[in-house]
Amino acid sequence: MPSKNSDSYLRRSMRIPVSHNGEVNDGKCAYPCLIQDMSRRGFRIVFSQPFTIGQVLNVVSRLSAQITLECTVKIQNAEEDFFGFEVLEVSPQTAADYWRFVLGFYPDKPPAGE
């Protein structure tokens, strides 16, 4: 079991069990997806379209009436129906909105290491 100070422990312990409809765009077509399990480190993208490791995608999802998540990601690893990714580009406003959304679930817990 990881120590309580390790990144893997913090990542698991701060997951927010949400699910929001979204869209991934590979530059040619847009495909539906789900944004799930948010944390201070990112979120899970669930999809039905086959993508490849190294592929760059644009991701858009409305998290609330005031917050739209928009970012460019690069697929780092892929499982059967979701992928791990690196965020390549996100606007400062989107990053701030994402933090506000995540911290809304944990108002008394500032993000560790930040």
Side-chain angles (χ1 to χ4, degrees):
M1 177 169 199
S3 76
K4 290 188 177 185
N5 294 324
S6 73
D7 279 345
S8 62
Y9 177 85
L10 291 171
R11 190 166 46 246
R12 277 200 308 273
S13 65
M14 294 291 286
R15 292 268 178 213
I16 302 166
V18 296
S19 185
H20 294 278
N21 291 320
E23 178 179 282
V24 292
N25 188 316
D26 64 3
K28 297 175 188 169
C29 294
Y31 306 97
C33 70
L34 286 175
I35 305 299
Q36 295 183 329
D37 299 337
M38 298 179 139
S39 75
R40 69 182 187 89
R41 304 277 314 252
F43 46 90
R44 173 182 282 187
I45 302 173
V46 180
F47 60 93
S48 60
Q49 180 67 24
F51 296 111
T52 58
I53 294 174
Q55 192 169 1
V56 175
L57 305 168
N58 293 311
V59 178
V60 178
S61 179
R62 185 170 273 314
L63 303 180
S64 72
Q66 300 83 19
I67 299 174
T68 299
L69 172 68
E70 293 185 60
C71 59
T72 302
V73 302
K74 180 179 179 182
I75 298 175
Q76 299 290 80
N77 57 65
E79 298 296 329
E80 186 174 321
D81 62 351
F82 68 92
F83 56 85
F85 59 89
E86 171 188 4
V87 175
L88 298 178
E89 186 177 323
V90 63
S91 74
Q93 182 62 52
T94 296
D97 288 346
Y98 179 83
W99 271 109
R100 192 170 68 247
F101 181 80
V102 169
L103 291 178
F105 289 88
Y106 299 101
D108 60 336
K109 296 181 184 177
E114 300 296 328

Mind checking the CE-OH spacing from Met38 to Tyr98? Nearest 0.5 Å is all I need.
5.0 Å
CD of Gln55 to CD of Gln49, rounded to nearest 0.5 Å, is 8.5 Å
Looking only at heavy atoms, which two atoms of [X] and [Y] are closest? And how far apart?
X: Leu63; Y: His20; answer: O-CE1, 3.2 Å
X: Ser61; Y: Asn21; answer: OG-O, 2.7 Å
X: Pro17; Y: Asp37; answer: CA-OD1, 4.0 Å
X: Leu88; Y: Lys74; answer: CD1-CB, 3.7 Å
X: Phe85; Y: Val87; answer: CE1-CG2, 3.7 Å

Considering only distance and modelled atom types, tabulate donor-acceptor pairs under 3.5 Å from the side chains of residues 22-33, sequence neighbours left out.
from, atom 1, to, atom 2, distance (Å)
Asn25, OD1, Gly27, N, 2.6
Asp26, OD1, Lys28, N, 2.8
Asp26, OD1, Cys29, N, 2.8

Derivation of the side chain to side chain contact (heavy atoms under 4.5 Å, CB included) call for Ile45 and Leu57
CA-CA 11 Å; Ile45 302 173; Leu57 305 168; over 6 Å; no
Can you name the side chain to side chain contact (heavy atoms under 4.5 Å, CB included) partners of Gln36, sequence neighbours left out?
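Partners of Gln36 under the side chain to side chain contact (heavy atoms under 4.5 Å, CB included) test: Ser19, Leu34, Arg44, Val46.
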Report yes if some heavy atom in the side chain of Val56 is under 4.5 Å from a heavy atom in the side chain of Val73; otherwise report no.
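The answer is no, as the side chains (C-beta and beyond) never meet within the 4.5 Å cut-off.
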Are any non-hydrogen side-chain atoms of Leu69 and Val60 less than 4.5 angstrom apart?
no
Using a 6.0 Å cut-off, check whether atom CD of Glu86 has over 12 heavy atoms from anything other than its own residue.
yes
Side-chain donor or acceptor of Thr68 paired with backbone N/O of Arg62 under 3.5 Å
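No, the answer is negative, given that no donor and acceptor are paired below the 3.5 Å cut-off.
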Report the C-alpha separation of Arg100 and Ile67 in whole Å, then their side-chain angles, then the decisive distance to 0.1 Å, and conclude whether the side chain to side chain contact (heavy atoms under 4.5 Å, CB included) test is met.
CA-CA 9 Å; Arg100 192 170 68 247; Ile67 299 174; 3.7 Å; yes
